[in-house]
Amino acid sequence: GEDVEQSLFLSVREGDSSVINCTYTDSSSTYLYWYKQEPGAGLQLLTYIFSNMDMKQDQRLTVLLNKKDKHLSLRIADTQTGDSAIYFCAETTDNYGQNFVFGPGTRLSVLP
Amino acid sequence: EPEVTQTPSHQVTQMGQEVILRCVPISNHLYFYWYRQILGQKVEFLVSFYNNEISEKSEIFDDQFSVERPDGSNFTLKIRSTKLEDSAMYFCASSGAGGYNEQFFGPGTRLTVL
């Protein structure tokens, strides 16, 4: 079945860039997403990318998609302590009403 | 900004009891979902619901689980006879008819089965 993998931990210094990586197995993925989960909270959509795009930028966030390698990354510029959270990569293979497959999440720790 | 809400935020129950987790999706959304996240593990899909019926369900969603949209606003997940391993965070999500399948997630209900 479909699988999404991420490294589990990442530590960066405040002000540096963070790069969170994700790999997926389903080549028919249509949309790929990054969600943020702060302690005790729900999942907050950060950004998404459609599979025919290579890159998407949204303020401090840059998403890169390498469809050939099935690799997705999220770059956070000028990382702040408020960015400390778990970041989930997710993919779906359909436009409507289909389930997401989530990665295990990357815990980002931002050190002062 | 519209949001998905869930109640209760925390539910504690005895093994074997029935629980109903409630969700109020965003009002003009058409697709509804339940996911669960066992502590420290991945977020797992349980079920999706559209047009008053289940459109997809995972292996986790066995006969102990059921979903319902009893009125125009609520979406519920019922676990008929809870087991210890049902302890998890349960997230409701909804999506509309936009050009992409953005699912908006609720804050979750933490279910603890004793």
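Chain naming here is simple, since letters A, B, ... match the order of the sequence lines and numbering starts at 1 in each. What you see is a predicted model; the values in this text were computed from it and never measured.
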Measure distances from A:Val4 to the heavy atoms of chain B and classify the residue's part below 4.5 Å as side chain, backbone, both or neither. backbone
Checking A:Gln37 against chain B: side chain, backbone, both or neither under 4.5 Å from a heavy atom? side chain
Same cluster or not: [X] versus [Y], using hydrophobic residues (I, L, V, M, F, W, Y) connected whenever any side-chain heavy atoms lie under 4.5 Å apart?
{"X": "B:Phe65", "Y": "B:Ile20", "value": "no"}
{"X": "A:Tyr33", "Y": "A:Leu46", "value": "yes"}
{"X": "A:Leu10", "Y": "A:Val19", "value": "no"}
{"X": "B:Ile60", "Y": "B:Leu21", "value": "yes"}
{"X": "B:Leu46", "Y": "B:Leu84", "value": "yes"}

What's the verdict on ring pair (Phe, Tyr, Trp, His ring centres under 6.0 Å) for A:Phe100 and B:Tyr33, showing C-alpha distance, side-chain angles and the deciding distance? CA-CA 10 Å; A:Phe100 281 14; B:Tyr33 312 82; 7.1 Å; no
Interatomic distance, A:Asp3 atom CG to B:Lys42 atom NZ [nearest 0.5 angstrom]: 4.5 Å
First locate atom CZ of A:Phe102, then atom OH of B:Tyr35, and finally report the distance between them rounded to the nearest 0.5 Å. 5.5 Å
Around atom [atom1] of [X], are there more than 12 heavy atoms of other residues, nucleotides or ligands at under 6.0 Å?
{"X": "A:Met53", "atom1": "CE", "result": "yes"}
{"X": "B:Lys57", "atom1": "NZ", "result": "no"}
{"X": "A:Asp69", "atom1": "CG", "result": "yes"}
{"X": "B:Leu39", "atom1": "CG", "result": "no"}
{"X": "B:Glu85", "atom1": "CD", "result": "yes"}

Please state whether the side chain, the backbone, both or neither of B:Tyr50 comes within less than 4.5 Å of a heavy atom of chain A. neither
Where does B:Gln37 contact chain A at under 4.5 Å (heavy atoms): side chain, backbone, both or neither? side chain
Can you find a heavy atom in the side chain of B:Gln103 that is under 4.5 Å from one in the side chain of A:Tyr48? no
So which residues of residues 104-112 of chain A are in contact with chain B at a heavy-atom cut-off of under 4.5 Å? A:Pro104
